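Some notes on the structure that comes next.
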Amino acid sequence: MKKPIVIAIAAVSGGGKTTVTNELKNRLPLSTIIYFDEYDFEEGPEDYFQWVQSGADYNAWNLEVLANDIEPLLAQDNLNYILLDYPFAYKNDKITPYIDYAIFIDTPLDIAMARRILRDNVEQLPDSLRNDLNCYLSGGRTAYLEMLKTIKPNSDFVVDGNLSADDIVHQIIEQISKLNDC
C-alpha cells in the first residue's frame, strides 16, 4: 500500500496559500486539504510580534492536534495527496515528519498586503482599515519578513507569487510529477 504524498504549501498571509491549495485539490486526483487556519491551537504564541522578536521558535506552537488529523489520512488507500495549507514548512518538529514536500509561494509583501486588504476589509470602516495597516507597519511586517528569512529557504520548491494562480499550480504540479517519478 502506497501512502499519500503530503505537500505543505506556505506563503505569507495574502500570499495565495489557500487559493493555490484549493486549485491543486481540483487538479490532483484523490487529494484532500487540511487548513492550518481552521485550527484553534491552545498552545501557541498570542503575540506574533513578540514571538518573532523572541526568535520565532516554531516549536512554541503545539501542533499535536494537526498531527493527529494527518495520521489517519496517511493510512487511507483512497488518497494520493494530502495538501497542507500550512505556513511553517519543515520548521515545526511535530509536523515535519509527515511532510514529503514543502512549497513556498514567494509573493511580494505589497501584493500580499493588497490581497489581505481586499479579502479582509471589503466592508470595514476606514478606521478599521487604518488600524489593520498600522498593525502591519508596527509588527506584522516583521512576521512576514521572518517567513522570508526562515520558511522560504527551508522549502523544497519556491514558486514566484507574481504569477497567476493557474501558472503557480501548473509549476507545482510539474514538481509533484517529478516526485511521482522517483
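Note that the structure is predicted; figures quoted are calculated from it, not measured. The figures that follow rest on heavy atoms only: side chains count, while hydrogens, waters and symmetry mates do not.
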Are K178 and E174 within salt-bridge range, i.e. N to O under 4.0 Å? no
For the pair D77 and K2, find out whether any cationic side-chain nitrogen is under 4.0 Å from an anionic carboxylate oxygen. no
To the nearest 0.5 Å, tell me how far [X] [atom1] sits from [Y] [atom2].
X: I176; Y: L24; atom1: CD1; atom2: CG; value: 5.5 Å
X: Y98; Y: L73; atom1: OH; atom2: CG; value: 11.0 Å
X: E146; Y: T150; atom1: CD; atom2: OG1; value: 3.5 Å
X: I99; Y: N92; atom1: CD1; atom2: CG; value: 8.5 Å
X: T18; Y: I9; atom1: OG1; atom2: CD1; value: 10.5 Å
X: T107; Y: M147; atom1: OG1; atom2: CE; value: 10.0 Å

Close side-chain approach of [X] to [Y], heavy-atom, < 4.5 Å:
X: I7; Y: Y81; value: yes
X: P108; Y: N162; value: yes
X: D106; Y: K152; value: yes
X: L66; Y: Y86; value: yes
X: L163; Y: D160; value: yes
X: F88; Y: T96; value: no
X: L83; Y: V6; value: no
X: P4; Y: I82; value: yes

Indicate the atoms forming the closest heavy-atom contact of [X] with [Y], along with that distance.
X: P87; Y: A10; answer: O-CB, 3.8 Å
X: D93; Y: N59; answer: N-OD1, 2.7 Å
X: I151; Y: K91; answer: CD1-CG, 3.4 Å

Between R27 and V169, does the side-chain contact (heavy atoms from CB on, under 4.5 Å) criterion hold? Intermediate values first, please. CA-CA 9 Å; R27 296 194 199 178; V169 169; 3.7 Å; yes
Sequence neighbours left out, cut at 3.5 Å: what donor-acceptor pairs do the side chains of residues 30-38 make with other protein atoms?
residue: S31; atom: OG; partner: K25; partner atom: O; Å: 3.3
residue: S31; atom: OG; partner: L28; partner atom: O; Å: 2.9
residue: Y35; atom: OH; partner: N22; partner atom: OD1; Å: 2.3

Between the side chains of S54 and Q50, is a donor N or O closer than 3.5 angstrom to an acceptor N or O? yes
Check: [X] side chain, [Y] main-chain N or O, donor-acceptor pair, under 3.5 Å:
X: S164; Y: D167; answer: yes
X: N154; Y: Y90; answer: yes
X: D156; Y: A102; answer: yes
X: K17; Y: A11; answer: yes
X: D85; Y: T21; answer: no

So, do W61 and Y39 have ring centers that fall under 6.0 Å from each other? no
Determine whether I70 and L84 satisfy the following criterion, side-chain contact (heavy atoms from CB on, under 4.5 Å), listing intermediate values before the conclusion. CA-CA 9 Å; I70 295 170; L84 299 180; 4.0 Å; yes
F157 vs Y101 aromatic rings, parallel, tilted or perpendicular, using cut-offs 30° and 60°? parallel
Criterion side-chain contact (heavy atoms from CB on, under 4.5 Å) on N62 and F41, from CA distance to verdict: CA-CA 7 Å; N62 180 352; F41 300 106; over 6 Å; no
